[in-house]
Amino acid sequence: LSLFQREANLKDHLVTNLTVRLANMISFILLLLLNTSSGGNDFDTYNPECPRIRKSWESLTRSEKDLYITGLLKIREQGEGQMKLDEFIAVGSEHEQAYGSVVHFGSTYLFWHGYLAWELESRIRNLGGEYACFGLPYWDFSTESLRSETDKPYIFENDIHGLGGNGNPDDFWTVNEFSWPGVETKDFWVPAHCQAEGDEYPVCSLKRSTSKATGPSAAGMGAGIIDNAQFADFSRWYSHTVNLPHNLLIDAEALKEPVVTSYDPIWY
């Protein structure tokens, strides 16, 4: 074959291959749309018959809050203190993977974080029984703008119905049994910052060091989104002005590297 004939054949092959791929992709998308419109979801294997109703943490009853806390602790118990078995660690550790380090700078930022929340919610739902229709609570951090800097964050509730508060400054900011009563390190652990008493990697206590940051109001957050229509601008604005829950949970210099907010139950 001549050079021109070979180039023509190669172009035909590439066009055919691209056409087949596009056809397959379109067929896949059509199947997804058809499945969604018919009310089913083959990809949600975690009790799809139950809707995922999410409420703000502040609006939950004590029993609803307990459902999240006990669900988390049951997942951790099933992990038997082992990194490879713990499904909470499997979700939280995605921040430490290669894609996790770059996703914060791209337009998939919000979707990716929403997917991690979905995965944790799904694992709690898959516990079955009272958890089958569980909906992950969310933190409406705009309410924090209403408190003064001298008040403790509203998200902190220092009783058995809460997620703990600030860490112990005399024990490397440990939260377990300091501001989170009844929850020992073996019950809820983090594989990082293992400097507190009793810490032994990977079973190390949850750490928090709170700043005085109150965060923006709902109107301030909305204005930030509107005024920064390009994601690159929004990302810079958010990290420099809001950056919650990062600022609320790891203000101490010793906790800033590595960043482990994705192992904190408030982060979700």
Side-chain angles (χ1 to χ4, degrees), residues 43-46 52 54 57 68 71-72 75-76 78-126 135-139 141 155 163-164 167 172-173 175 185 188-195 199 201-211 213 215 221 224-225 228 230-268:
F43 300 97
D44 183 5
T45 59
Y46 301 94
R52 298 176 183 237
R54 298 174 177 174
W57 179 258
Y68 178 44
L72 283 175
I75 289 176
R76 305 310 304 274
Q78 291 178 347
E80 300 176 358
Q82 300 182 47
M83 294 276 286
K84 292 183 178 180
L85 297 179
D86 195 307
E87 295 205 59
F88 179 81
I89 295 298
V91 176
S93 64
E94 282 300 309
H95 260 82
E96 301 175 64
Q97 307 305 317
Y99 187 68
S101 64
V102 300
V103 71
H104 295 76
F105 304 98
S107 58
T108 55
Y109 171 87
L110 298 177
F111 171 81
W112 184 78
H113 285 82
Y115 176 69
L116 295 185
W118 170 281
E119 284 298 326
L120 178 60
E121 179 182 65
S122 295
R123 281 155 172 76
I124 294 177
R125 290 166 68 91
N126 206 39
L136 191 70
Y138 62 88
W139 173 31
F141 59 75
I155 192 66
L163 298 167
F172 206 80
W173 308 106
V175 172
T185 298
F188 195 98
W189 50 272
V190 174
H193 299 300
C194 299
Q195 291 93 337
D199 284 354
Y201 181 85
V203 182
C204 305
S205 57
L206 175 67
K207 312 292 194 305
R208 287 191 196 129
S209 172
T210 307
S211 73
M221 190 69 192
I225 295 172
N228 296 278
Q230 296 298 315
F231 183 80
D233 296 330
F234 169 79
S235 180
R236 283 190 289 269
W237 171 80
Y238 184 84
S239 63
H240 292 154
T241 60
V242 184
N243 206 13
L244 292 175
H246 182 284
N247 285 346
L248 186 69
L249 303 178
I250 55 170
D251 190 54
E253 197 64 34
L255 298 179
K256 292 184 177 180
E257 291 293 338
V259 175
V260 292
T261 48
S262 59
Y263 293 126
D264 194 304
I266 288 179
W267 185 83
Y268 293 89

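Residue numbers run from 1 in the order of the sequence given.
Here the CD1 atom belonging to Ile250 is positioned 8.0 Å from the CG atom belonging to Asn243, to the nearest 0.5 angstrom. The line from CD1 of Ile124 to CD of Glu87 is 11.0 Å long, rounded to the nearest 0.5 Å. Atom CG of Leu255 sits about 10.0 Å away from atom CG of Leu249, to the nearest 0.5 Å. Here Ser235 contributes atom OG and Tyr109 contributes atom OH; the two are 6.5 Å apart, rounded to the nearest 0.5 Å. Summarising the geometry, atom CG belonging to Asp264 is positioned 5.0 Å from atom CG belonging to Leu206; distances are rounded to the nearest 0.5 Å. The CH2 atom of Trp267 sits 9.5 Å away from the CG atom of Leu120 when rounded to the nearest 0.5 Å.
Contact between Leu85 and Gly79 at its shortest, heavy atoms only, is CB-O, 3.5 Å. Of all heavy-atom pairs spanning Phe188 and Pro265, the tightest one is CZ-CD, 3.6 Å. Closest heavy-atom contact between Lys256 and Asp251: CE-O, 3.3 Å. A pairwise comparison of heavy atoms in Gly167 and Val175 identifies CA-CG2, 4.0 Å as the closest pair. The shortest non-hydrogen separation linking Phe234 to Gly224 is CD1-O, 4.4 Å. Among all heavy-atom pairs drawn from Phe231 and Gly106, the shortest one is CE2-O, 2.9 Å.
With a 4.5 Å cut-off on side-chain heavy atoms, His95 and Val260 do not count as touching. Counting only heavy atoms from C-beta outward, the side chains of Trp237 and Val242 approach each other to under 4.5 Å. Tyr263 is listed as a side-chain neighbour of Pro191, based on a closest heavy-atom distance under 4.5 Å. Taking the side chain as every heavy atom from C-beta outward, Pro137 and Tyr68 approach each other to under 4.5 Å. Counting heavy atoms from C-beta outward, Pro202 and Trp189 have side chains that approach closer than 4.5 Å. Using a 4.5 Å heavy-atom cutoff, the side chains of Phe88 and Gln78 are not in contact.
Counting heavy-atom neighbours within 6.0 Å of Gln97 CD, excluding the residue itself, gives a total above 12. Few gaps surround CD on Gln82; more than 12 heavy atoms of other groups in view lie less than 6.0 Å from it.
Partners of Thr210 according to the side-chain hydrogen bond (donor to acceptor under 3.5 Å, both in side chains) rule, which considers only residues two or more places apart in sequence or in another chain, are Asn166.
Using the six-membered ring where Trp is involved, His193 and Phe172 have ring planes that are tilted, between 30° and 60° apart. Using bins of under 30°, 30° to 60° and over 60° for the plane-to-plane angle, the ring pair His104/Trp112 lands in the perpendicular bin.
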Verdict with reasoning, Asp86 to Arg123, per salt bridge (Lys or Arg N to Asp or Glu O under 4.0 Å): CA-CA 11 Å; Asp86 195 307; Arg123 281 155 172 76; over 6 Å; no
Worked verdict on Lys207 versus Ser209 for side-chain hydrogen bond (donor to acceptor under 3.5 Å, both in side chains): CA-CA 7 Å; Lys207 312 292 194 305; Ser209 172; over 6 Å; no
Check against side-chain hydrogen bond (donor to acceptor under 3.5 Å, both in side chains), Tyr115 and Thr108: CA-CA 10 Å; Tyr115 176 69; Thr108 55; over 6 Å; no
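The main-chain N or O of Trp118 is never found under 3.5 Å from a side-chain atom of Tyr268 such that the two would form a donor-acceptor pair.
With Tyr138 as the aromatic partner, Arg54 does not meet the cation-pi criteria of under 6.0 angstrom to the ring centre and within 45 degrees of the ring axis.
One finds no salt bridge joining Glu121 and Arg125 here, because no Lys/Arg side-chain nitrogen approaches an Asp/Glu carboxylate oxygen to under 4.0 Å.
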